[in-house]
Number of protein chains: 2
Amino acid sequence: MGRPAMSARAPFDVDAVAAAAMDVFLRRGYAATSMDQIAETLGIRKASLYHHVASKEELLRRGVERAFDALTAVFDEPSARHGRAIDRLRYVLTRIAEVTLARAAEASLVIRTRGNTPFEEAIIHRRRAIDAAFAALVGAAADEGTLRADMPPALLARMMLGTTNALTEWYRADGVLTAAEIAQAVAAMLLDGARAPSAISAAAAPPRRGRRVRRG
Amino acid sequence: MGRPAMSARAPFDVDAVAAAAMDVFLRRGYAATSMDQIAETLGIRKASLYHHVASKEELLRRGVERAFDALTAVFDEPSARHGRAIDRLRYVLTRIAEVTLARAAEASLVIRTRGNTPFEEAIIHRRRAIDAAFAALVGAAADEGTLRADMPPALLARMMLGTTNALTEWYRADGVLTAAEIAQAVAAMLLDGARAPSAISAAAAPPRRGRRVRRG
DNA sequence: GTCTATAGCGCGATAGAC
DNA sequence: GTCTATCGCGCTATAGAC
């Protein structure tokens, strides 16, 4: 237990406490993070946190608010609203990836939420609105004929958002690639594919091995 | 609290308890699931669970074991070991998606693990071996020249596994699409792209801070 | 093989001194 | 604004009756 240094130390405001909490939330997960652990990273005692925030859930609320604000704003950007659907889709995909990386901790709070409490249910509900907006964009591209037609647009949309959501699980800002570079790569792989343009691969499925889908 | 029916009811074995636990783990997450909630779905009291299993962590261990066994087996299948790397990659990608869907609850135990306890750290460690095997396969395809060369193979591998990992977050076995169909779609989108073959999209980055990805 | 009852512990949050 | 001390609760796990 790091005894707090009684000597000089910058005073904390609520934003500093929230920022410290986001770090721990990203690494350990919200539920598995105790107020003790947040306090420890700040060099103070748990009880002192409650001078800055009213509850642990307030930290969660602050985080998801920032994530939702940033994500919903993407759909209002000019490049997301004008032009061919396929171009708007590429833009939105790139921007969602950028925002997810730039606000990785806050985004992971939204992504990992299971809906176990009433407040968590509200998060799920709000996330569905974003999912729906994105699915509508994918649907528009499908109607336009610029997306492959051999699978449902709703499935494409889910897989794409799955890919961006998964970014928070491994991305850390100190890597060699910038967030913008990774976001570009996400959109490029999802829309254009990972194959070299010239490489033609056997498109055959794996041989059927008895589809055991458990828990029918 | 559902009072257990004292009348006739099939006796439980350890597998039935484990299967019930997996259902709840998938929906609520491992940490957020209490032994009380598992017992309730079986219609017995919490204390009775301990006649079948020694601890909550034993349930986690059983699920993780099944997930790892199924995933590692994929790399030993003949189609994963012979042929062009790009074809092996397509096969493994499809099979990983299939296995992730068929064992969604068990796979999610592995995927959501944060490494907060010594046992969880061991899970992370073992998962890294699978990630490495997959990354090696992607690297082989890159060396072969059948993957796009404008982004690092390691990044491609991470994004691909991110996409399959995300499947457990929304897939439920009662949907219209079978696990095999979804797995096919995952590999098709990741390797060939979501765009219609004819549709040429503006490849421009969002104007904001568009740095293009370089690096082999 | 299931029950009731409870030990033991860690957590979020509060009270009040300094 | 931080501290020590503690309350109250829910959790995993155990004890022992039936």
Side-chain angles (χ1 to χ4, degrees), chain A residues 1-22 24-25 27-64 109 113-114 116-120, chain B residues 1-22 24-25 27-64 109 113-114 116-120:
Chain A
M1 267 309 181
R3 182 69 32 150
M6 294 310 264
S7 55
R9 193 201 53 215
F12 302 123
D13 59 0
V14 58
D15 289 323
V17 172
M22 293 307 139
V24 192
F25 288 161
R27 204 175 65 251
R28 315 233 336 159
Y30 172 76
T33 298
S34 69
M35 294 296 269
D36 246 334
Q37 291 163 338
I38 297 170
E40 194 177 354
T41 70
L42 291 166
I44 60 178
R45 298 296 187 188
K46 174 174 68 167
S48 306
L49 287 178
Y50 290 89
H51 179 79
H52 303 284
V53 295
S55 67
K56 185 184 175 187
E57 192 178 274
E58 181 189 327
L59 292 168
L60 174 61
R61 187 174 47 73
R62 282 176 154 265
V64 298
L109 290 178
T113 292
R114 316 295 324 154
N116 293 336
T117 69
F119 179 63
E120 286 186 11
Chain B
M1 271 306 179
R3 182 70 31 153
M6 293 310 262
S7 57
R9 192 202 53 217
F12 302 122
D13 60 359
V14 58
D15 289 322
V17 172
M22 293 306 139
V24 192
F25 288 162
R27 205 175 62 252
R28 313 231 338 157
Y30 171 76
T33 298
S34 69
M35 295 296 267
D36 245 335
Q37 292 163 339
I38 297 170
E40 192 177 356
T41 71
L42 291 166
I44 59 179
R45 295 297 188 186
K46 173 174 64 170
S48 307
L49 287 179
Y50 290 90
H51 180 79
H52 304 284
V53 295
S55 67
K56 184 184 175 185
E57 193 179 274
E58 181 189 326
L59 292 168
L60 173 61
R61 188 173 46 73
R62 283 177 154 262
V64 165
L109 289 178
T113 291
R114 315 297 322 158
N116 293 336
T117 68
F119 179 63
E120 286 187 11

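Lettering follows sequence order; numbering is per chain, from 1.
The side chain of Ala47(A) sits closest to dA5(D) out of dA13(C), dA5(D), dA5(C). Out of dG12(C), dT4(C), dT2(D), the shortest distance to the side chain of Met35(A) is found at dG12(C). Side-chain proximity of Arg45(A) to the nucleotides dT14(D), dG1(C), dC3(D) is greatest for dC3(D).
Phosphate contact (OP1/OP2 of dG1(C), side-chain N/O of Ser48(B), threshold under 4.0 Å): absent. At the phosphate of dG12(C), neither OP1 nor OP2 sits under 4.0 Å from any side-chain N or O atom of Ser55(A). Put simply, His51(A) has no side-chain N or O that comes within less than 4.0 Å of OP1 or OP2 on dC3(D).
Going from atom OH of Tyr50(A) over to atom C1' of dC3(D) covers 15 Å, rounded to whole Å. Here the C1' atom of nucleotide dT4(C) and the CD1 atom of Ile44(B) are 15 Å apart, to the nearest Å. Taking atom CG of residue Leu42(A) and atom C1' of nucleotide dT2(D), one finds them 13 Å apart after rounding to whole Å. Atom pair Glu57(B):CD and dC11(D):P shows a separation of 18 Å (rounding to whole Å applied). Spacing between atom NZ of Lys46(A) and atom P of dT14(C) amounts to 12 Å, rounded to whole angstrom units. At whole-Å resolution of the value, CG in Asp13(B) and C1' in dT2(C) are 16 Å apart. Distance Ile38(B) CD1 to dC11(D) P: 12 Å, rounded to the nearest Å. For the pair Leu49(A) CG and dT2(D) C1', the computed distance is 11 Å after rounding to whole Å.
The side-chain contact (heavy atoms from CB on, under 4.5 Å) with Tyr30(A) is formed by just one residue from the set Thr113(A), Leu60(A), Val64(A); it is Leu60(A).
In this structure, Ser34(B) reaches the sugar-phosphate backbone alone: every heavy-atom distance under 4.0 Å involves primed, P, OP1 or OP2 atoms, never a base.
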Side-chain polar contacts of residues 14-21 of chain B - donor-acceptor pairs under 3.5 angstrom, sequence neighbours left out - could you list them?
from, atom 1, to, atom 2, distance (Å)
Asp15(B), OD1, Arg62(B), NH1, 3.3

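Atom CG in Leu109(B) sits 12.5 Å away from atom CZ in Arg61(B) (nearest 0.5 Å). Rounding to the nearest 0.5 angstrom, the gap separating the OG1 atom in Thr33(A) from the CZ atom in Arg114(B) is 9.5 Å.
The side-chain contact (heavy atoms from CB on, under 4.5 Å) check on Ala31(A) picks up nothing, with sequence neighbours excluded.
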